[in-house]
Trainee: 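A single structure is presented below for examination.
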Amino acid sequence: MLTSRIVAGLVAAVLAACGLAIVSTPVRASAEDRPGCLYRVVRVKTRLNIRVEPRGRVVDKLYPGDRTWGSCGKSGDWRRIHGTEIGRAGFAYGHFLKKIGRR
């Protein structure tokens with residue numbers, strides 16, 4: 001995604017230097033470009049379940065020390081994150097996640 005933006009910028013600069021006008025179209029951000037938070041699993045002895053919704057059905061798991069990413073927002077005591085075993089997004093209880101940075 002970043003390389004396509006660089007190429008688009010270079011093409012625009014070359015066309016502008018030649019006197020040609022271009023119409024800019026907005027570029028949608030990919031998942032890698034969206035801001036979010038990085039988390040580490042803490043205070044867990046076996047596994048941390050990732051659920052479809054808070055207190056919902058389990059769809060993935062995280063293990064002690066795993067690192068993951070997700071939204072910085074809260075839904076009560078729950079955080080929206082991505083699991084590592086299958087890679088599904090869902091909710092995990094915030095008490096077991098330590099924020100270690102931002103994306």
Side-chain angles (χ1 to χ4, degrees):
M1 186 70 177
L2 182 60
T3 56
S4 64
R5 288 185 183 177
I6 293 171
V7 169
L10 291 174
V11 169
V14 169
L15 291 176
C18 296
L20 300 172
I22 59 169
V23 176
S24 174
T25 58
V27 177
R28 292 174 55 146
S30 68
E32 295 85 26
D33 296 334
R34 293 184 191 137
C37 289
L38 300 172
Y39 297 99
R40 188 177 69 222
V41 177
V42 295
R43 299 183 199 100
V44 174
K45 292 185 180 180
T46 56
R47 68 177 181 268
L48 176 63
N49 290 325
I50 307 301
R51 300 175 179 274
V52 174
E53 59 188 5
R55 296 183 197 91
R57 181 176 54 90
V58 175
V59 293
D60 205 348
K61 301 174 196 123
L62 291 169
Y63 296 95
D66 278 355
R67 293 173 186 225
T68 188
W69 70 98
S71 169
C72 292
K74 300 175 184 179
S75 179
D77 290 333
W78 296 78
R79 305 288 182 271
R80 182 158 180 80
I81 61 169
H82 294 277
T84 56
E85 192 167 281
I86 301 172
R88 286 197 162 158
F91 290 86
Y93 196 69
H95 175 75
F96 301 109
L97 297 169
K98 179 179 180 180
K99 187 162 91 168
I100 57 174
R102 295 184 68 86
R103 279 178 64 169

Trainee: For residues 71-83, which residue pairs pass the salt bridge (Lys or Arg N to Asp or Glu O under 4.0 Å) check, not counting sequence neighbours?
Mentor: none

Trainee: Under a 4.5 Å side-chain heavy-atom rule over Ile, Leu, Val, Met, Phe, Trp and Tyr, are V44 and L38 clustered together?
Mentor: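 V44 does not cluster with L38.
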
Trainee: For R43, give me all partners under side-chain hydrogen bond (donor to acceptor under 3.5 Å, both in side chains), at least two apart in sequence or on another chain.
Mentor: none

Trainee: Minimum heavy-atom separation for G36 and C72, please, with both atom names.
Mentor: C-SG, 3.4 Å

Trainee: side-chain hydrogen bond (donor to acceptor under 3.5 Å, both in side chains) with W69: which residues, sequence neighbours excluded?
Mentor: H82

Trainee: Could you tell me which non-hydrogen atom of D60 sits nearest to which non-hydrogen atom of G87, and how far apart they are?
Mentor: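 In terms of heavy atoms, the two residues are closest at OD2-N, 2.9 Å.
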
Trainee: List the residues meeting side chain to side chain contact (heavy atoms under 4.5 Å, CB included) with R40, not counting sequence neighbours, and say none if there are none.
Mentor: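 Per chain and number, R40 pairs via side chain to side chain contact (heavy atoms under 4.5 Å, CB included) with V42, R67, K98, I100.
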
Trainee: Members other than V58 in its cluster, when Ile, Leu, Val, Met, Phe, Trp, Tyr link by side-chain heavy atoms under 4.5 Å?
Mentor: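 Other cluster members: none.
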
Trainee: Would you mind listing every ring-ring contact (aromatic ring centres under 6.0 Å, His included) that reaches into residues 84-103, with sequence neighbours excluded?
Mentor: W78-Y93

Trainee: With rounding to the nearest 0.5 Å, note down the distance linking CD1 in I81 to CG in L97.
Mentor: 4.5 Å

Trainee: Name all residues meeting the side-chain hydrogen bond (donor to acceptor under 3.5 Å, both in side chains) criterion together with T84; count only those two or more places apart in sequence or in a different chain, and write none if there are none.
Mentor: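 If we apply the side-chain hydrogen bond (donor to acceptor under 3.5 Å, both in side chains) test to T84, skipping adjacent residues, the hits are D66.
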
Trainee: Which ILVMFWY residues are connected to Y63, directly or by a chain of links, through side-chain heavy atoms under 4.5 Å apart?
Mentor: none

Trainee: Table please: side-chain donor-acceptor pairs of residues 45-53 below 3.5 Å, with sequence neighbours left out.
Mentor:
unit_1	atom_1	unit_2	atom_2	d
R47	NE	N49	OD1	3.3
R51	NH1	G56	O	2.7

